[in-house]
Amino acid sequence: MTNYEKYVKLFAEAFSVSAEQAEKLEYQGISAWDSVGHMELIAAIEDAFDIMMDTDDIIDFSSFEKGKEILAKNYDISF
């Protein structure tokens, strides 16, 4: 499984959406992505990629696409 596939799966599972829906998500764009859902997603990402995200990155993680940018730039995870 590629990093991208893993990332999509994390979103899909965290928010009970399809892969296609996951790729379009933005923070608070669906009811499941509230503050609690956000922290559950971050925890799942940290576990899956074996990283510990900085607070600023967690706050800036506002969409599926923005998350990819943060992970690629700050944690050297290629998509």
Side-chain angles (χ1 to χ4, degrees):
M1 179 180 295
T2 68
N3 284 340
Y4 185 78
E5 291 167 336
K6 188 187 305 184
Y7 184 70
V8 171
K9 184 178 179 186
L10 291 168
F11 266 83
E13 289 177 353
F15 302 128
S16 299
V17 297
S18 69
E20 294 78 28
Q21 291 171 311
E23 294 171 325
K24 299 173 186 163
L25 286 179
E26 293 185 0
Y27 180 61
Q28 296 185 337
I30 59 171
S31 61
W33 197 351
D34 57 9
S35 59
V36 174
H38 186 72
M39 294 312 298
E40 290 173 353
L41 173 65
I42 296 299
I45 289 170
E46 288 178 333
D47 287 345
F49 291 106
D50 195 28
I51 59 172
M52 181 62 97
M53 293 179 66
D54 294 333
T55 302
D56 288 342
D57 291 335
I58 293 169
I59 292 168
D60 290 343
F61 201 111
S62 58
S63 70
F64 180 90
E65 287 299 321
K66 182 67 175 177
K68 283 183 8 188
E69 291 173 25
I70 290 169
L71 294 173
K73 179 180 176 187
N74 299 342
Y75 302 95
D76 200 29
I77 298 170
S78 58
F79 290 100

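Every residue two or more places apart in sequence or in another chain that forms a side chain to side chain donor-acceptor pair (under 3.5 Å) with N74 is listed here: D57.
Judged by distance alone, with hydrogens and angles left aside, the side-chain atoms of E23 form no donor-acceptor pair with the main-chain N or O of V8 at under 3.5 Å. The backbone N or O of F64 sits less than 3.5 Å from a side-chain atom of Y7, completing a donor-acceptor pair. For H38 (side chain) and I58 (main-chain N/O), a donor-acceptor pair under 3.5 Å exists by modelled atom type. Listed for the D34 side chain is a donor-acceptor partner under 3.5 Å among the backbone atoms of V36.
Residues S35 and Y27 form a side-chain contact, since some pair of their non-hydrogen atoms from C-beta on lies under 4.5 Å apart. Between Y75 and I70, the closest side-chain pair of non-hydrogen atoms falls below 4.5 Å.
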task = Go through the steps to decide whether L41 and F11 satisfy the test side chain to side chain contact (heavy atoms under 4.5 Å, CB included), and finish with yes or no.
result = CA-CA 7 Å; L41 173 65; F11 266 83; 3.6 Å; yes
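Within a 6.0 Å radius of NZ in K24, no more than 12 heavy atoms belonging to other residues, nucleotides or ligands are found. Heavy-atom neighbours of E5 CD from other residues, nucleotides or ligands within 6.0 Å: above the threshold of 12.
Taking CD from Q21 and OG from S16, the interatomic distance works out to 10.0 Å, rounded to the nearest 0.5 Å. For the atom pair K68 NZ and F61 CZ, the distance stands at 11.0 Å (nearest 0.5 Å). Interatomic distance, CD of E40 versus CH2 of W33, reported as 13.0 Å (0.5 Å rounding). Distance check, rounded to the nearest 0.5 Å: CD1 of I77 to OH of Y4 gives 14.5 Å. Within the model, atoms CE of M53 and CD1 of I59 stand 10.5 Å from one another, a figure rounded to the nearest 0.5 Å. Taken to the nearest 0.5 Å, the OG atom of S78 stands 11.0 Å off from the CG atom of L71.
Listed here is the closest heavy atom pair of A22 and A12: CB-N, 4.1 Å.
Taking the six-membered ring where the residue is Trp, F79 and F49 present perpendicular rings, their angle passing 60° and hence far from 30°.
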